[in-house]
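Input: a single structure, listed below in structure tokens.
Just the heavy atoms: all of them, side chains too, but no hydrogens, waters or symmetry mates, feed the values below.
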Amino acid sequence: MKKRMRSKVDQMAEQLEQRQNPDGSWTFCFENSLMTDAFMIILLCSLRQREDQWVDKLVERLLCLQTREGTWKLFKDEEAGNLSSTIEAYVALRMSGIKEHDERIARAKRFIQDKGGVGKAHSLTRFMLAILGGVKWKRVLPVPIEFVLIPPSSPVGFWDFSSYARAHMAPILLLKSRGYTHESEGIAGEIKTMYREGEEGIPGGERHFLNNISSALGSMGGLPSSLKERAEQFTRDYMLERIEPDGTYMKYFSSSFFMIYALLSVGYRKDDPLIQRCVEGLKAMILKTERGYHQQNSPSSIWDTALLSYALQSSGRSAADGSIRRSVQFLQKHQQFRYGDWGMESPVAPGGWGFTAGNTIHPDVDDTSAALRALTSAAAERPDMRDSWAAGSGLFSRDAKFRWRMACL
């Protein structure tokens, strides 16, 4: 039994080594919901890039995932279809050119209407519909953009949310402030027919929280127009300062999607190099799966490489092994030494890892701990690796807060 197990482990290790990229990483598709596929179709069609090869490939995947009832699911074990997913796929397919009378579209529309209409969708779905003009911004987001200027000393403010949440809040609040709607070739009217007047578009708990924020701002008295201008400038700067080298905004598809429309809302053109570079960065995140091409929300290169490197080492591969050495070099190359938002509260100096190699300023604890496990054996044998390991573990914290404040000046 032990020999068979050992043989199987060695076989799996060899298969992994064969799949390793020349740079030492492993690349697997990080598959999420179909929202990213649908939103990418919508984005490309909005930017007049309907003929782009990725539109048809992503459309093919959406049609492959449609159920016999005409719906789309968020989870495989959902008994009925998922309303938000079905709305997203419906809008994407219509914008791609599939006619309204097509039976696949007609079945989806019946499901949406039977389930309460587009106003019952998830918040990100409703924000997308507002961009296209199918839902009014005031129905989906009652919070004014001045919220971003609330000082950190208040009970709740912009900086109390996670970096992922802030990445989305900044462009969405800017879009709402500008009242932006994107020309969408008639889809807005179609969406409106699936909205029921008087329906509760925002869940009760969420609405209560958002209304409290809005009330707190309202209690401050009349907000001067200059404050709104400052808030809009803040959100623009917040996004632009967090654009990654590949052009994406914090290496998330969803935040980049909203950023592009937010930039359009303040005067950027569709063909602006900043927007085009972002789109190309998003296209580079598309990978093939067993069910077609999928737009990843964020690739998992750091996470996958760290876990697999450690797994191979646990199976018996030494730190001197070529595959391990290359994976460690890849991880060390993508260790982050720039201050991000986290530096406002933490005294720890930079040295962590993010989920993907394209993320350069927003590390997180789970990816850092995975990378440290992969580097431990190499650091024990190689003195030149120990500084890297120590930085990742947070041992270099002296004067870190001072350096962060200096970097912000």
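Salt bridge Arg291/Glu31: present, at least one basic N to carboxylate O contact under 4.0 Å. Checked for salt-bridge contact, Lys283 and Glu280 meet the test: a charged N lies under 4.0 Å from a carboxylate O. Salt-bridge formation is not detected for the pair Asp56/Arg61: no Lys NZ or Arg NE/NH1/NH2 atom is positioned less than 4.0 Å from an Asp or Glu carboxylate oxygen. Salt-bridge formation is not detected for the pair Asp23/Arg326: no Lys NZ or Arg NE/NH1/NH2 atom is positioned less than 4.0 Å from an Asp or Glu carboxylate oxygen. Taking 4.0 Å as the cut-off between side-chain N and carboxylate O, Glu17 and Arg317 count as a salt-bridged pair.
Looking at heavy atoms from C-beta onward, Met40 lies out of side-chain contact with Thr36 at the 4.5 angstrom threshold. With contacts defined as side-chain heavy-atom distances shorter than 4.5 Å, the pair Asp341/Arg166 qualifies. A 4.5 Å side-chain heavy-atom check between Arg94 and Ile105 finds at least one atom pair inside the cut-off. Residues Ile131 and Thr181 form no side-chain contact, since every pair of their non-hydrogen atoms from C-beta on lies 4.5 Å or further apart.
Taking CH2 of Trp26 as the start and CG of Asn21 as the end, the distance is 9.0 Å to the nearest 0.5 Å.
Listed by first then second residue, pairs satisfying salt bridge (Lys or Arg N to Asp or Glu O under 4.0 Å) with a partner in residues 266-278 read Arg269-Asp271, not counting sequence neighbours.
Between Phe158 and Tyr238, the distance separating the two ring centers is shorter than 6.0 angstrom. Ring centroids of Phe111 and Tyr90 are separated by 6.0 Å or more, keeping the two rings apart.
Using bins of under 30°, 30° to 60° and over 60° for the plane-to-plane angle, the ring pair Tyr164/His168 lands in the tilted bin.
For the side-chain hydrogen bond (donor to acceptor under 3.5 Å, both in side chains) with Lys251, the lone residue among Thr360, Asp246, Thr356, Asn359 that qualifies is Asp246.
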